[in-house]
Trainee: 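Handing you a structure now.
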Amino acid sequence: QVQLVESGGGVVQAGDSLRLSCAASGLTFNNYAMGWFRQAPGKQREFVSAISWTGGTTTYTDSVKGRFTISRDNAKNTVSLQMNSLKPEDTAVYYCAAKSRLRGPSVLVPQRTALYHYWGQGTQVTVSS
């Protein structure tokens with residue numbers, strides 16, 4: 001079965017960096033756009049970043065532009081999120097998600113949660129001030 005496993009979360013101070021990784025198995029990875037989402041306590045899950053199945057197109061929510069970088073390695077079935085200059089408002093559980101390019105609407109870098117077919121369990125990121 002399909003598994004997405006996030007890692008790399010932790011507790012850091014404002015201004016620090018973290019690198020999240022998501023390892024995918026049970027799917028043909030290069031057929032999937034990949035996304036990162038986050039959910040803070042009491043809030044809805046929100047889009048952070050997405051990357052197309054080839055890695056040639058990326059997109060970010062405005063609040064992380066210039067600080068976060070998404071990348072993927074199709075040979076290793078992994079997607080990463082490099083997070084720099086972290087702020088307390090980045091504190092959340094971070095989830096990776098996969099959307100098949102062969103199913104559903106054809107969207108290069110999907111931002112809506114409903115478009116994604118598979119989700120990981122999440123990794124906690126806590127940024128202290």
Side-chain angles (χ1 to χ4, degrees):
Q1 73 275 23
V2 175
Q3 280 194 313
L4 302 177
V5 180
E6 302 96 336
S7 61
V11 180
V12 296
Q13 292 190 329
D16 285 350
S17 298
L18 277 176
R19 185 176 181 87
L20 305 184
S21 293
C22 173
S25 60
L27 49 73
T28 303
F29 189 68
N30 59 13
N31 278 339
Y32 285 78
M34 300 298 295
W36 286 97
F37 292 76
R38 65 187 180 187
Q39 189 167 18
K43 294 188 177 181
Q44 287 191 331
R45 192 169 298 189
E46 65 171 359
F47 171 77
V48 176
S49 181
I51 188 166
S52 61
W53 48 87
T54 65
T57 302
T58 60
T59 190
Y60 302 89
T61 193
D62 285 346
S63 63
V64 308
K65 283 180 182 176
R67 300 189 298 123
F68 290 11
T69 303
I70 191 171
S71 60
R72 67 187 295 157
D73 185 336
N74 283 351
K76 296 182 178 180
N77 287 8
T78 59
V79 60
S80 298
L81 186 69
Q82 177 66 42
M83 307 187 296
N84 298 330
S85 303
L86 282 161
K87 303 176 180 180
E89 50 263 44
D90 294 319
T91 294
V93 177
Y94 283 70
Y95 299 88
C96 76
K99 187 225 177 285
S100 173
R101 68 183 182 96
L102 303 177
R103 287 189 284 158
S106 178
V107 181
L108 207 56
V109 278
Q111 299 185 37
R112 290 172 47 211
T113 57
L115 292 177
Y116 284 83
H117 299 106
Y118 302 106
W119 291 85
Q121 294 298 308
T123 185
Q124 176 71 47
V125 172
T126 302
V127 185
S128 61
S129 56

Trainee: So does Thr126 get a backbone contact from the side chain of Thr91, meaning a donor-acceptor N/O pair under 3.5 Å?
Mentor: no

Trainee: Using side-chain heavy atoms (C-beta onward) and a distance below 4.5 Å, is Leu81 in contact with Val48?
Mentor: yes

Trainee: How many angstroms lie between atom CD of Gln82 and atom CG of Leu18, to the nearest 0.5 angstrom?
Mentor: 8.5 Å

Trainee: How long is the straight-line distance from CG of Leu4 back to CG of Asn77, given to the nearest 0.5 Å?
Mentor: 10.5 Å

Trainee: Kindly compute the distance separating OG1 (Thr28) from CG (Asn74), expressed to the nearest 0.5 Å.
Mentor: 11.0 Å

Trainee: What's the spacing between Tyr118 OH and Cys96 SG if we round to 0.5 Å?
Mentor: 13.5 Å

Trainee: So, is the end of the Arg38 side chain (NZ or CZ) under 6.0 Å from the ring centre of Tyr95 and within 45° of the ring's axis?
Mentor: no

Trainee: Within the 4.5 Å heavy-atom criterion, are Phe37 and Tyr116 side-chain neighbours or not?
Mentor: yes

Trainee: Is it true that Asp90 and Lys87 make a salt bridge, defined as a side-chain N closer than 4.0 Å to a carboxylate O?
Mentor: no

Trainee: Hey, does the side chain of Lys99 reach the backbone of Thr113 with a donor-acceptor pair shorter than 3.5 angstrom?
Mentor: no

Trainee: If every non-hydrogen atom of Ser128 is compared with every non-hydrogen atom of Pro88, which pair is closest and at what distance?
Mentor: C-CG, 4.5 Å

Trainee: Taking atom CD as the centre, does Glu89 end up with more than 12 heavy-atom neighbours from other residues, nucleotides or ligands that are less than 6.0 angstrom away?
Mentor: yes

Trainee: If you round to the nearest 0.5 Å, how far is CZ of Arg19 from OG of Ser80?
Mentor: 4.0 Å

Trainee: What are the two closest heavy atoms between Arg72 and Thr54, and how far apart are they?
Mentor: CD-C, 4.4 Å

Trainee: With respect to Met83, which candidate in Thr69, Val12, Asp16, Leu20 satisfies the side-chain contact (heavy atoms from CB on, under 4.5 Å) definition?
Mentor: Leu20

Trainee: Taking atom types as modelled, is there a side-chain donor on Arg101 or Asn31 under 3.5 Å from an acceptor on the other?
Mentor: yes

Trainee: Same cluster for Val2 and Ile51 if Ile/Leu/Val/Met/Phe/Trp/Tyr side chains link at under 4.5 Å?
Mentor: yes

Trainee: Can you say whether the rings of Tyr94 and Phe68 are parallel (under 30°), tilted (30 to 60°) or perpendicular (over 60°)?
Mentor: tilted

Trainee: Could you give the distance from SG (Cys22) to CH2 (Trp119), rounded to the nearest 0.5 Å?
Mentor: 11.0 Å

Trainee: Looking only at the side chains, is there a donor atom on one of Asp73 and Thr78 sitting less than 3.5 Å from an acceptor on the other?
Mentor: no

Trainee: Taking the side chain from Gln121 and the backbone from Glu6, do they hold a donor-acceptor pair closer than 3.5 Å?
Mentor: no

Trainee: Taking the side chain from Ser49 and the backbone from Thr59, do they hold a donor-acceptor pair closer than 3.5 Å?
Mentor: yes

Trainee: Within a radius of less than 6.0 Å around CD of Gln13, do more than 12 heavy atoms belonging to other residues, nucleotides or ligands occur?
Mentor: no

Trainee: Is any side-chain heavy atom of Leu115 closer than 4.5 Å to a side-chain heavy atom of Pro105?
Mentor: yes

Trainee: I need the minimum non-hydrogen distance between Thr123 and Gly9, along with the two atoms involved.
Mentor: OG1-N, 3.2 Å

Trainee: Within the structure provided, determine whether Trp36 and Val79 are in side-chain contact (heavy-atom separation under 4.5 Å).
Mentor: yes

Trainee: With heavy-atom distances below 4.5 Å as the criterion, would you say the side chains of Val109 and Thr58 are in contact?
Mentor: no

Trainee: Please check if Val11 and Leu86 belong to a single hydrophobic cluster, counting links between Ile, Leu, Val, Met, Phe, Trp and Tyr side chain heavy atoms closer than 4.5 Å.
Mentor: no

Trainee: Tell me whether the rings of Tyr32 and His117 are parallel (<30°), tilted (30 to 60°) or perpendicular (>60°).
Mentor: perpendicular

Trainee: Ala50 and Pro110: which non-hydrogen atoms are nearest, and at how many Å?
Mentor: CB-O, 3.5 Å

Trainee: With no hydrogens and no angle check, is any side-chain donor or acceptor of Arg67 less than 3.5 Å from a backbone partner on Ser85?
Mentor: yes

Trainee: Taking the six-membered ring where the residue is Trp, are the ring centres of Tyr60 and Phe47 under 6.0 Å apart?
Mentor: no

